[in-house]
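Both backbone and side-chain heavy atoms feed into the values below; hydrogens, waters and symmetry mates do not.
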Amino acid sequence: MIVPHTTHTTTPAPARTVRKAVVPAAGLGTRFLPATKATPKEMLPVVDKPAIQYVVEEAAAAGLDDVLMVTGRHKRAIEDHFDNAFELEQALAAKGDAVRLDAVRDPARLANIHHIRQGEPLGLGHAVLCARRHVGDQPFAVLLGDDLIDPRETLLSTMLDVRERYAGSVVALMKVPREQIHLYGCAAVEPTEEEGVVRVTGLVEKPSPETAPSAYAVIGRYVLDPAVFDVLDRTAPGRGGEIQLTDALQTLATDATVHGVVFDGLRYDTGDKADYLRTVVRLACARPDLGPEFTDWLKGFVAELESGERVGRGRGLAA
């Protein structure tokens, strides 16, 4: 049996060879229309921060201080969010509102943030390939904006440690029910001597439950060797007519240079409406400034649902 890593503690990030992160954020967000008609899906709020800020905070917490965002048209709001807002900062400073002033300044202070446009929606593999000039010949992390890892977890730091020990590339894996494996890239794995770390021997993009090599799904965290760029450059479009990162990793896996970290912590898919709502509730309940009051209200609301009482009558949190 493969025992997953449990990563719930927060420790200072050690010095590592990986310093750069790439955040693909060029998707159209069609699952959240009409909200995403004029607002990037990555900017949808999770409590009081856009989803993509949690991703950048995760990278920064793991010691990645150089972040490249691969965006597309109509994504200017992302660039603005991670820039300074002089007029707003001046207004808050004049009011003496230090708390909100820090909140406004924080996104720009998280890391050195750069932006590039993908140009054409040719898939995740192509988005990663767009980062080649910025990354150069260095290993780098890729964090998908739809996948939020709970801030209390340390999955990315664990993956960076595995990269330091084994070199090559590292993917995050999560065991899912067989009937859901068609929603993910899927890994064939072999155990290693290290608990929670496996050797990836093959990958396939969104297989049927009958043909899937395992129940281990690839989730949206990668630490990639720069060799992936040459492979992506010659990877033909695959499933959906897109250049799939999974296909490139399959090529790398044939040389035994891909490892996986099995994760069993808290992960949220904010690209799914129901999971997006669950994410907001979970993270709100975990907040010391919101959690106690919101949790009390939530208990009462659930009690109303279970009793069959009429709900949604416009009552506030204190009601």
So do the side chains of [X] and [Y] get within less than 4.5 Å of each other, counting heavy atoms only?
| X | Y | value |
| --- | --- | --- |
| Y216 | M174 | no |
| V231 | L252 | yes |
| L283 | Y54 | yes |
| V22 | V135 | yes |
| F82 | I52 | yes |
| L44 | P50 | no |
| T279 | V47 | no |
| E87 | Q90 | no |

[X] side, atom [atom1]; [Y] side, atom [atom2] - distance, nearest 0.5 Å:
| X | Y | atom1 | atom2 | answer |
| --- | --- | --- | --- | --- |
| E190 | H259 | CD | NE2 | 10.0 Å |
| L110 | Q53 | CG | CD | 6.0 Å |
| D83 | R76 | CG | CZ | 8.5 Å |
| D150 | E58 | CG | CD | 10.0 Å |
| L148 | T270 | CG | OG1 | 4.5 Å |
| L143 | L64 | CG | CG | 7.5 Å |

Short question: side chain of [X], backbone of [Y] - any donor-acceptor pair under 3.5 Å?
| X | Y | result |
| --- | --- | --- |
| T246 | L203 | no |
| R163 | V18 | no |
| D225 | A227 | yes |
| D66 | K20 | no |
| S157 | T154 | no |
| R221 | A172 | no |

After noting the C-alpha distance and the side-chain angles of E89 and L101, does the key distance pass the side chain to side chain contact (heavy atoms under 4.5 Å, CB included) rule?
CA-CA 6 Å; E89 291 174 20; L101 180 58; 3.8 Å; yes

Hphob cluster co-occupancy, [X] + [Y], side-chain heavy atoms under 4.5 angstrom:
| X | Y | answer |
| --- | --- | --- |
| V281 | L305 | yes |
| M43 | L277 | yes |
| L156 | M69 | yes |
| L266 | V46 | yes |
| L124 | V204 | no |

[atom1] ([X]) with more than 12 external heavy atoms under 6.0 Å:
| X | atom1 | value |
| --- | --- | --- |
| R73 | CZ | no |
| K49 | NZ | yes |
| R178 | CZ | yes |
| E120 | CD | no |

Non-hydrogen atoms of [X] and [Y] that approach each other most closely:
| X | Y | answer |
| --- | --- | --- |
| L160 | V223 | CD2-CG2, 3.8 Å |
| K41 | G29 | CD-CA, 3.5 Å |
| H74 | P40 | O-CG, 3.6 Å |
| V228 | A248 | CG2-CB, 4.2 Å |
| C186 | V218 | N-CG2, 4.4 Å |
| P288 | P292 | O-CD, 3.5 Å |

D275, D146, D147 screened by salt bridge (Lys or Arg N to Asp or Glu O under 4.0 Å) with R267, the one that passes
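Single pass found, and it is D147.
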
State whether [X] and [Y] are salt-bridged, where the test is any N-O pair (Lys NZ or Arg NE/NH1/NH2 against Asp/Glu carboxylate O) under 4.0 Å.
| X | Y | answer |
| --- | --- | --- |
| R132 | D137 | no |
| K95 | D97 | no |
| D230 | R234 | no |
| D65 | R19 | yes |
| R105 | D102 | no |
| R287 | D48 | yes |

Can a donor-acceptor pair be found between the side chains of [X] and [Y] at a distance below 3.5 Å?
| X | Y | answer |
| --- | --- | --- |
| H126 | E242 | no |
| T17 | E164 | yes |
| S208 | T211 | yes |

Taking the six-membered ring for Trp, are Y276 and F32 closer than 6.0 Å centroid to centroid?
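Yes.
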
Please tell me whether F294 and F301 form a close aromatic pair, meaning their ring centres lie under 6.0 Å apart.
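That pair fails the under 6.0 Å test.
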
Going by side-chain contact (heavy atoms from CB on, under 4.5 Å), T158 matches just one of V197, V261, V170. Which one?
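It is V261; the other options fail the test.
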
Working for side chain to side chain donor-acceptor pair (under 3.5 Å), residues E205 and Y184
CA-CA 6 Å; E205 181 68 15; Y184 301 88; over 6 Å; no

Determine whether L68 and V23 satisfy the following criterion, side chain to side chain contact (heavy atoms under 4.5 Å, CB included), listing intermediate values before the conclusion.
CA-CA 6 Å; L68 175 68; V23 181; over 6 Å; no

Please determine whether side chain to side chain contact (heavy atoms under 4.5 Å, CB included) holds for the pair F229 and V128, giving the CA-CA distance in whole Å, both sets of side-chain angles, and the decisive distance to 0.1 Å.
CA-CA 8 Å; F229 290 126; V128 172; 4.2 Å; yes

Just do the side chain to side chain contact (heavy atoms under 4.5 Å, CB included) check on T71 and Q118 with the steps written out, would you?
CA-CA 6 Å; T71 64; Q118 185 175 3; over 6 Å; no

